[in-house]
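What follows is a short report on a single structure.
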2 protein chains.
Amino acid sequence: MNSEDGTVTERGHLTVTSPTGRGRGDLFDPACPTRQLLDRLGGKWTSMAVKVLGDAHPGEVRFAELKRRMPGVSQKMLAQTLRSLERDSLVDRRVEAATPPRVHYRLTDLGASLTEPIAALRNWAEEHMARIDEAGLAWDRARS
Amino acid sequence: MNSEDGTVTERGHLTVTSPTGRGRGDLFDPACPTRQLLDRLGGKWTSMAVKVLGDAHPGEVRFAELKRRMPGVSQKMLAQTLRSLERDSLVDRRVEAATPPRVHYRLTDLGASLTEPIAALRNWAEEHMARIDEAGLAWDRARS
DNA sequence: CCGTATCCCACATGATACTG
DNA sequence: CAGTATCATGTGGGATACGG
């Protein structure tokens, strides 16, 4: 982010309106909800964590089990991802006081509701991504 | 959706196991369609470009007009975003030979179909992001 | 007008090591 | 077991300048 330049380089977003549509006095959409959501889901592990927790719903999943079901994730990234989801109230964290400690995670109702739009994305992806891959390869070939 | 156990092997989503059924994963899956889609939509300008082009559909939009409707985007990022979309066959590019040249962009049918799952995301975001923001602020307050 | 080529930096992610 | 701390790095993306 640039220093003291008051003008932000990013403002209006997916809620971009037609100039004639309605007079939005503000014009500046400091934080478009869709952008914010995409920023979260776009993270490398967020959607996978939601998926894994969603599959276990309404059961709880422990940290190590979560890690086991998300091959490739590091402890750091898993913890960070869960933190973020917890902060957003999408995930609930329950600590079982014991030695060693046990920590259980589950989706909140809000988090569970997210699985629906994600499912829409997944369905679209399953149906069309193969074609997109082909198109990409063809494009690469045709290029010079 | 069941609360069954087991690793996530379901085809089509954020699949995580190796194709050879190795059991526990050693490698993460690079070819999950949903992951690929999210990587694209997660880009800073992709979804906005789709939105703007979708609003204009079936009309075409020229480069400069697109840029005008996407405040904050640089020429580099706009060109790069459009290239990527074109490569994916989500966007069609038409060059009108003239001086100065005119280039028109429009969504393909495939690209237009993407607006539906995106709309699902947007609806969810508009309905719930405010609450998520609150939760984040409360969380920040509660934890020093 | 419509791009591409460079440079640059913040940041997301990964590897590793260390605690309670 | 469930994290946090630290360091290294690849890259997305912004600024700027040049070219067709």
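Within every chain, numbering begins at 1; the chains are lettered A, B, ... in the order of the sequence lines, protein sequences first and strands thereafter.
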Subject >> Spacing of B:Gln75 atom CD relative to D:dA15 atom C1', expressed in whole Å >> reply: 12 Å

Original post:
Do B:His104 and B:Arg102 come within less than 4.5 Å of each other through their side chains, counting heavy atoms only?
Top reply: yes

Subject >> Gap between atoms CZ and C1', on A:Arg102 and D:dG3 respectively (whole Å) >> reply: 16 Å

Subject >> Within-4.5 Å side-chain heavy-atom neighbours: A:Met70 and A:Val52 >> reply: yes

Original post:
If you find the nucleotide of DNA chain D closest to A:Arg83 and the one closest to A:Pro101, which residue's nucleotide is nearer the 5' end?
Top reply: A:Pro101

Original post:
Are any of the side-chain nitrogens in B:Arg68 or B:Glu65 under 4.0 Å away from the carboxylate oxygens of its partner?
Top reply: yes

**OP:** Between A:Arg62 and B:Pro100, name the one whose nearest nucleotide on DNA chain D is closer to the 5' end.
**Re:** A:Arg62

Original post:
Using the C1' atoms of the five pairs at each end, what is the angle between the end axes of the helix from C:dC1-D:dG20 to C:dG20-D:dC1, to 10°?
Top reply: 40°

Original post:
So, for A:Val91 and A:Leu107, which heavy atoms are closest and what is the spacing to 0.1 Å?
Top reply: CG2-CD2, 3.9 Å

**OP:** Strictly below 4.0 Å, heavy-atom distances to any atom of DNA chain D: list the hits from residues 84-99 of chain A, or just say none.
**Re:** A:Arg93

**OP:** Could you state the atom-to-atom distance from NZ of B:Lys67 to C1' of D:dA15 in whole Å?
**Re:** 12 Å

Subject >> Separation of atom CE in B:Met77 from atom P in D:dT11, rounded to whole Å >> reply: 15 Å

**OP:** Between B:Tyr105 and A:Ser74, name the one whose nearest nucleotide on DNA chain C is closer to the 5' end.
**Re:** B:Tyr105

Original post:
Atom CD of B:Gln80 and atom C1' of D:dG14: how far apart are they, to the nearest Å?
Top reply: 11 Å

Original post:
Side-chain heavy atoms under 4.5 angstrom apart, residues restricted to Ile, Leu, Val, Met, Phe, Trp, Tyr: same cluster for A:Val95 and A:Leu85?
Top reply: yes

Original post:
A:Leu78 has an atom CG; how far is it from atom P of D:dC1, in whole Å?
Top reply: 14 Å

Subject >> Exercise: identify the closest heavy-atom pair between B:Ser113 and A:Trp124 >> reply: OG-NE1, 2.9 Å

Subject >> Salt bridge flag under 4.0 Å for residues A:Asp39 and B:Lys44 >> reply: no

**OP:** Let me know, please, whether B:Lys76 or A:Lys76 comes out on the 5' side of the other along DNA chain C by nearest nucleotide.
**Re:** B:Lys76

**OP:** For B:Asp39 and D:dG13, give me the distance from atom CG to atom C1', rounded to whole Å.
**Re:** 16 Å

Original post:
What's the NZ-C1' distance between A:Lys44 and C:dT13, to the nearest Å?
Top reply: 7 Å

**OP:** To the nearest 0.5 Å, tell me how far A:Thr108 OG1 sits from A:His57 NE2.
**Re:** 7.5 Å

Original post:
Counting only N and O atoms by type, is there a donor-acceptor contact under 3.5 Å from the side chain of B:Lys67 to the main-chain atoms of B:Val73?
Top reply: yes

